[in-house]
Amino acid sequence: MTELASPAAQDPVTKNGRVICHHVAEAAGPTLIAVGGLHGNEPAGILASLAIDRCLRETTPLATGSFVALRGNLAALAFDHEQPINNPRYVQRDLNRLFHHDDQGHRTPDHDERDALRDAIDAVARESRGEIVLLDLHTTSSDSPPFIAVEDSIPARRFAERFALPLILGIEEDLRGLLMDDTTERLRCIALTVEGGCHNSPLAAHTLEAVLLIALEALGLISPDACTCRDERPIETTRRAAGSHAHRVYDIRHREPVRALPYIPDTDAEPFDRVRAHKTRIARQAEADLFAAESGLLFMPNRQRDIRVGDDAYFVVRRVGRTWLRISAGLRASERLHHMLPKILPGVRHRPGHAHDLLVDPQIAAILRRELFHVLGYRLVRFEATPGLPRLVRAARAARFSLHALTRIAANLLRRGSTDDAQHESDEDWIVRRHVLDTEPATADQHT
Ligand SMILES: [Zn+2]
């Protein structure tokens, strides 16, 4: 292995002090990119990257490929070098919501950070000599066990399983402009968001360090158990930190934004505690009680010191069983399903000009609900959050819907032709899309 020794000025990825370290082995192989400090008050990802840098320099050189660690929001990180935890999360706009194309708002220092970070990642991608995997390292404001969030393609899901951490699906539907999403979309590579634990927990950096080691091993950049810097195997560290949530998979059912100030979180409700719709109080918002909008498990309740309107207030997740995951993986593998769905589901039709999209009538979507599309391998690109319907209403609608579906299937069998509705897209239609790595598999899949 040779560490890239060229002066910073000559290395396109090391300008601005954004690069924490850059290791390149002589043998070509995958590239692992770590990003720490995308939020200014979350130094744990940077600390973990520095520890891995030391480990690669002193005891465990890379066997193949390359490892690059980058600092995220330099502008936010610059406020307090001594006590980074006192930094603001962002300057004016949350950097981890700015990675999308149609951001029309006025330009902020965070937009400059976005462009510079994208350039740095692209520079790494241009030099890479194999597949690329990106880990975006974060910590949470609440005392949550560590977890991983993915843009839910089968290759990303499979890679995420390596870490023994709880896996959260569907976050990219509620949060637009995530770095992991942008990276997957532009570079067609697996990208994971990893939350190492609470901002001020000393264990968070230790957990993220273990996550980086597991990723390095999974990609074959270092041999298994090669690192001798630690007194336990990295997988034991993550498993212990995850506790009873290790290896579990959860689906996002609801995201609530902060709508008004003052916003004072209720500290009784802890992450992954059960909450009941309209019963469990989550916070006081503008002097009124804010109750859970959905039943399920509380996820990422906002406990930041500095809470602004539009920030995430809380999420509700539900556990996804192993059987559903297996069914979902099986269904996604089938190309035919995508062509079949408009024939068997009323209110579902192909979207002209978009081979991987379907349009869903909002009336039908309310009955089918987002979780069904998740199982079928679709990501909701445009949708309205549908409130949970009373059980009887739902059952009645579902019965009517099943009847429609059956008549439709029968009609199609008789006609044997294509029966895709030639209706135009309306603004109310939901748009669901197959996940990009499911339609264009990432090369990293071969390593998982
Ligand atoms: Zn963060």
Side-chain angles (χ1 to χ4, degrees), residues 18 20 33-50 69-80 83-100 108-111 113-114 117-118 121 134-151 160 163 165-168 171-172 174-183 191-209 211-212 241 252 255 257-258 265 271 299-308 310-315 317:
R18 190 169 300 277
I20 300 167
I33 306 174
V35 176
L38 195 68
H39 289 134
N41 60 335
E42 299 175 14
I46 297 172
L47 296 175
S49 301
L50 287 167
L70 304 168
R71 288 185 183 83
N73 195 334
L74 292 183
L77 286 163
F79 280 82
D80 193 337
Q83 294 289 330
I85 206 144
N86 293 334
N87 280 321
R89 188 171 160 78
Y90 47 86
V91 182
Q92 289 176 39
R93 295 279 305 276
D94 189 332
L95 177 53
N96 206 22
R97 305 289 183 272
L98 292 185
F99 287 90
H100 54 88
T108 67
D110 307 288
H111 285 86
E113 291 295 319
R114 175 196 64 191
L117 181 58
R118 248 191 201 146
I121 291 170
L134 180 135
L135 298 182
D136 181 16
L137 307 174
H138 289 256
T139 49
T140 48
S141 62
S142 54
D143 193 12
S144 164
F147 63 86
I148 291 181
V150 295
E151 206 278 344
F163 300 88
L165 294 176
L167 174 61
I168 312 293
I171 209 160
E172 74 282 0
D174 287 297
L175 302 180
R176 296 200 56 220
L178 299 175
L179 170 65
M180 70 164 177
D181 223 10
D182 182 64
T183 312
L192 312 181
T193 303
V194 189
E195 301 277 354
C198 188
H199 298 330
N200 45 27
S201 156
L203 283 177
H206 191 64
T207 304
L208 291 175
E209 210 181 301
V211 164
L212 288 173
I252 299 254
R255 174 211 177 229
V258 172
F299 180 63
M300 285 216 288
N302 194 331
R303 304 272 199 269
Q304 308 281 357
R305 277 178 312 174
D306 175 22
I307 297 181
R308 310 184 209 186
D311 287 353
D312 312 323
Y314 68 91
F315 294 81
V317 297

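Residue numbers run from 1 in the order of the sequence given. Only this structure's heavy atoms are used, side chains among them; waters, hydrogens and symmetry mates stay out. Just follow the structure's listing: the first ligand is 1, and inside any ligand the first atom is 1.
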Peer 1: N/O/S of E42 less than 2.8 Å from the Zn ion (ligand 1)?
Peer 2: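 Yes, E42 qualifies, because one of its backbone or side-chain N, O or S atoms lies under 2.8 Å.
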Peer 1: Name whichever N, O or S atom of H39 ends up nearest to the Zn ion (ligand 1).
Peer 2: ND1
Peer 1: With the Zn ion (ligand 1) as the reference point, give the N/O/S atom of H138 that is nearest.
Peer 2: ND1
Peer 1: Given side chain to side chain contact (heavy atoms under 4.5 Å, CB included), test R308 with Y90 step by step and report yes or no.
Peer 2: CA-CA 11 Å; R308 310 184 209 186; Y90 47 86; 3.3 Å; yes
Peer 1: Side-chain donor-acceptor pair under 3.5 Å between N41 and N86, yes or no?
Peer 2: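 Distance-only check fails for N41 and N86.
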Peer 1: Does one side chain, of D181 or H100, offer a donor that lies under 3.5 Å from an acceptor on the other?
Peer 2: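 There is no such pair (donor and acceptor under 3.5 Å, judged by atom type) between the side chains of D181 and H100.
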Peer 1: Does E113 use its side chain to pair, donor to acceptor, with the backbone of L74 at less than 3.5 Å?
Peer 2: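 A pair under 3.5 Å: yes.
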